[in-house]
Amino acid sequence: MTKRTSVILLSLITVVVLFFGVFAFIPDGLEFGDYNVFYSPYKLIQRSGMFTDTVNATYYTKLDEGAEISNVQKIINSRLEQIYGYYSVDINVKDDVTTIAVPKTVESGDSSEKPTATTILNNVTRKGNVELLSTAYSQNATYDSDSVVLKAEHFRKARTQSYIQSGNTFYICEVKLTSEGTKIADKVLNAGTQYLYAIDETLVGTAVYTNSTLQLYSQSKENSKVVASYIKTGVLGAELTLNDTTETENGLGWIFSVVMGVIVLASFIFFAVRYKTLGLAGVLSQLIAIVIFMYFAGLVFIPMFNIFAAIGVALAYLFMTFFTVFTFEKIRKYSESKTFNASMYKGFADTLKVNLIAHAAFLVLGIVLWVIPTAVTAPLGCVMVYGAVLSFAATFGLNRLFSLMVAPFNESTAKVSAKK
């Protein structure tokens with residue numbers, strides 16, 4: 001590869017990576033297709049209690065007969081994860097008072113896409129008792145308990161979907177019924193007829209029954225997720241009455257962002273000063289890994305931003321940096337007596353086994369932590385898994401590729417070429 005070719009390739013790659021890196025922070029819920037949404041890192045940070053102010057709500061709690069508070073906590077956490085993507089939220093119970101802390105989100109635009117803390121709290125603390133009435137749709141219809149034909153025990157599973165027809169978007173919670181529920185529906189309901197369904201004895205929308213499937217229509221994507229979550233988690237076994245709300249300021253996330261920015265910049269400077277042109281390979285590899293991580297997190301909306309996930313981010317980056325330095329030191333040592341290409345080949349070969357074993361161990365540890373469902377282990381393990389994959393891709397693959405590109409600029413290679 002000539003110097004001219006290397007300069008062109010490295011310049012193009014740098015420009016593209018920097019463009020996508022900057023672009024990752026611009027979109028605010030950029031949608032593509034009917035189902036996919038890209039959440040910029042800023043939007044993810046905004047939804048995190050670590051990076052934003054939080055709203056703390058206290059509720060007087062009255063348990064239903066036979067209900068346990070631990071199950072109530074579990075249902076609330078499940079709703080928060082299914083509807084809003086939170087791994088875990090602080091839910092504390094003392095005597096008959098329950099305290100829930102959620103991030104304070106921006107109150108602007110479509111509330112279905114930017115729910116406030118009040119909206120989130122209201123949705124996850126409701127009873128969530130979904131019922132289908134045999135009453136056909138009518139503007140003057142009212143809730144009648146005698147008209148209820150399907151209840152929570154008749155719903156087996158639910159999922160959300162949407163479709164566009166004549167320029168209008170319809171949001172649906174598609175419900176599969178139990179065998180008993182199917183028998184009742186086949187006997188009482190007519191295919192194609194619009195029926196009414198209610199949540200906590202309040203009419204909220206229409207429903208259509210076809211082919212053993214119940215389709216519950218909602219006004220927005222969020223509402224559809226709310227209905228599906230109520231069906232999946234079941235009725236909340238307690239009556240939660242709001243007592244008071246307070247706000248807590250939190251700047252920990254921004255401190256972490258600044259610290260990580262300094263660490264990344266310092267590592268880039270270290271590569272450039274210590275390894276000269278070879279250091280450029282490490283800078284580009286890590287920059288690409290960082291950008292890919294941001295986009296992956298944005299596309300799948302990973303709810304990872306708590307203090308333990310932040311620790312995982314730092315560990316993964318330091319892990320990647322260590323193995324880049326580990327390999328480059330080998331190459332630097334061999335280059336004292338060999339050509340750069342020979343040094344590069346020998347350096348990567350000598351560190352391959354250690355690289356594989358260490359990354360495999362880091363990956364397995366991340367998986368083990370991820371599957372443990374706690375607010376400490378799950379976010380930490382999640383980041384470690386993605387960090388292990390990206391670190392190996394950078395240290396084993398991208399470092400090799402970019403090392404080949406900078407080879408024409410290396411002194412030892414140039415001297416050998418000149419002698420020939």
Side-chain angles (χ1 to χ4, degrees), residues 31 33-35 64 75-76 78-79 82-84 110-113 115 118-240:
E31 294 194 22
D34 294 337
Y35 306 102
D64 294 347
I75 290 176
I76 292 175
S78 296
R79 290 177 177 179
Q82 293 173 14
I83 304 171
Y84 301 105
D110 181 2
S111 62
S112 67
E113 294 301 327
T118 301
T119 302
I120 295 172
L121 289 166
N122 288 341
N123 285 335
V124 301
T125 57
R126 293 178 63 180
K127 279 278 192 176
N129 184 24
V130 181
E131 298 172 316
L132 180 74
L133 282 65
S134 59
T135 307
Y137 169 73
S138 171
Q139 291 184 343
N140 300 321
T142 58
Y143 177 83
D144 181 7
S145 59
D146 293 333
S147 300
V148 174
V149 292
L150 295 177
K151 302 179 181 180
E153 60 265 27
H154 299 130
F155 305 136
R156 182 162 56 90
K157 60 182 180 178
R159 68 185 183 94
T160 59
Q161 62 174 325
S162 62
Y163 69 90
I164 300 175
Q165 185 177 38
S166 301
N168 297 317
T169 303
F170 296 90
Y171 301 100
I172 301 172
C173 171
E174 190 175 270
V175 183
K176 295 294 184 181
L177 304 178
T178 62
S179 57
E180 182 183 354
T182 301
K183 291 178 181 178
I184 295 173
D186 289 339
K187 182 179 180 181
V188 177
L189 305 179
N190 297 319
T193 301
Q194 285 190 331
Y195 296 97
L196 296 171
Y197 74 94
I199 298 178
D200 297 337
E201 301 185 357
T202 300
L203 299 178
V204 295
T206 60
V208 175
Y209 177 72
T210 53
N211 299 325
S212 301
T213 301
L214 190 64
Q215 294 182 330
L216 308 178
Y217 288 80
S218 297
Q219 297 297 316
S220 67
K221 183 185 297 184
E222 183 194 1
N223 289 341
S224 181
K225 288 182 178 180
V226 169
V227 176
S229 178
Y230 291 162
I231 292 173
K232 292 177 183 177
T233 60
V235 180
L236 191 68
E239 190 74 35
L240 270 62

Check: Can you list the residues that meet the side-chain contact (heavy atoms from CB on, under 4.5 Å) rule with T182, with sequence neighbours excluded?
Finding: L177, D186, Y209, S212

Check: Which is it for Y197 and V204 under the side chain to side chain contact (heavy atoms under 4.5 Å, CB included) test, yes or no, and what are the steps along the way?
Finding: CA-CA 6 Å; Y197 74 94; V204 295; 3.2 Å; yes

Next item on the list: To the nearest 0.5 angstrom, please state how far the OG atom of S78 sits from the NZ atom of K232.
Entry: 10.5 Å

Next item on the list: Grab the two heavy atoms, one from L133 and one from V149, that are nearest each other, plus how far apart they are.
Entry: C-CG2, 4.2 Å

Notebook entry, point to check: How far apart are the C-alpha atoms of L216 and V130, what are their side-chain angles, what is the distance that settles it, and do they pass the side chain to side chain contact (heavy atoms under 4.5 Å, CB included) test?
Noted result: CA-CA 10 Å; L216 308 178; V130 181; 4.2 Å; yes

Notebook entry, point to check: Which pair of heavy atoms, one from T213 and one from E174, lies closest together, and at what distance?
Noted result: CG2-CG, 3.2 Å

Checklist line | Exercise: identify the closest heavy-atom pair between Y137 and L196 | finding: CD1-CD2, 3.8 Å

Checklist line | Closest contact, heavy atoms only, D200 versus K127 | finding: OD1-CB, 3.1 Å

Next item on the list: Could you walk me through whether K151 and H154 pass the side chain to side chain contact (heavy atoms under 4.5 Å, CB included) test, one step at a time?
Entry: CA-CA 5 Å; K151 302 179 181 180; H154 299 130; 4.2 Å; yes

Check: Pick from T206, N223, V227: which one makes a side chain to side chain contact (heavy atoms under 4.5 Å, CB included) with Y217?
Finding: T206

Next item on the list: For T178 and R156, indicate whether the former's side chain and the latter's backbone hold a donor-acceptor pair under 3.5 Å.
Entry: no

Notebook entry, point to check: Closest heavy-atom contact between L236 and I75?
Noted result: CD1-CG2, 3.8 Å

Checklist line | Enclosure of E153 CD (heavy-atom neighbours >12, cutoff 6.0 Å) | finding: yes

Check: Which heavy-atom pair separates T160 from A228 by the least distance, and what is that distance?
Finding: CG2-CB, 3.7 Å

Next item on the list: Return yes if some donor-acceptor pair links the side-chain N/O of D144 with the main-chain N/O of D146 below 3.5 Å, else return no.
Entry: yes

Margin query: Can a donor-acceptor pair be found, under 3.5 Å and without considering hydrogens, that links the side chain of Y171 to the backbone of E222?
Written below: no

Item checked: Derivation of the side chain to side chain contact (heavy atoms under 4.5 Å, CB included) call for V175 and L150 -> CA-CA 12 Å; V175 183; L150 295 177; over 6 Å; no

Item checked: Spatial distance of atom CZ (F155) from atom CD (E131) [nearest 0.5 Å] -> 8.5 Å

Note to self: Using 0.5 Å steps for rounding, measure from the CD1 atom of I172 to the CZ atom of R159.
What the structure shows: 9.5 Å

Margin query: Return the OG to CG distance between S138 and L203, rounded to the nearest 0.5 Å.
Written below: 10.5 Å

Next item on the list: Would you confirm whether Y230, through its side chain, and N123, through its main-chain N or O, come within 3.5 Å as a donor-acceptor pair?
Entry: yes

Margin query: If I take atom CD1 from residue I120 and atom OG1 from residue T125, how far apart are they, to the nearest 0.5 angstrom?
Written below: 11.5 Å

Check: Would you say the side-chain atoms of T210 pair up with the backbone N or O of A191, donor to acceptor, closer than 3.5 Å?
Finding: no

Margin query: Just verifying a value: how many Å separate E201 CD and T142 OG1, rounded to the nearest 0.5 Å?
Written below: 12.0 Å

Note to self: Closer than 3.5 angstrom, by distance alone: can the side chain of N129 be matched with the main-chain N or O of I199 as a donor-acceptor pair?
What the structure shows: no

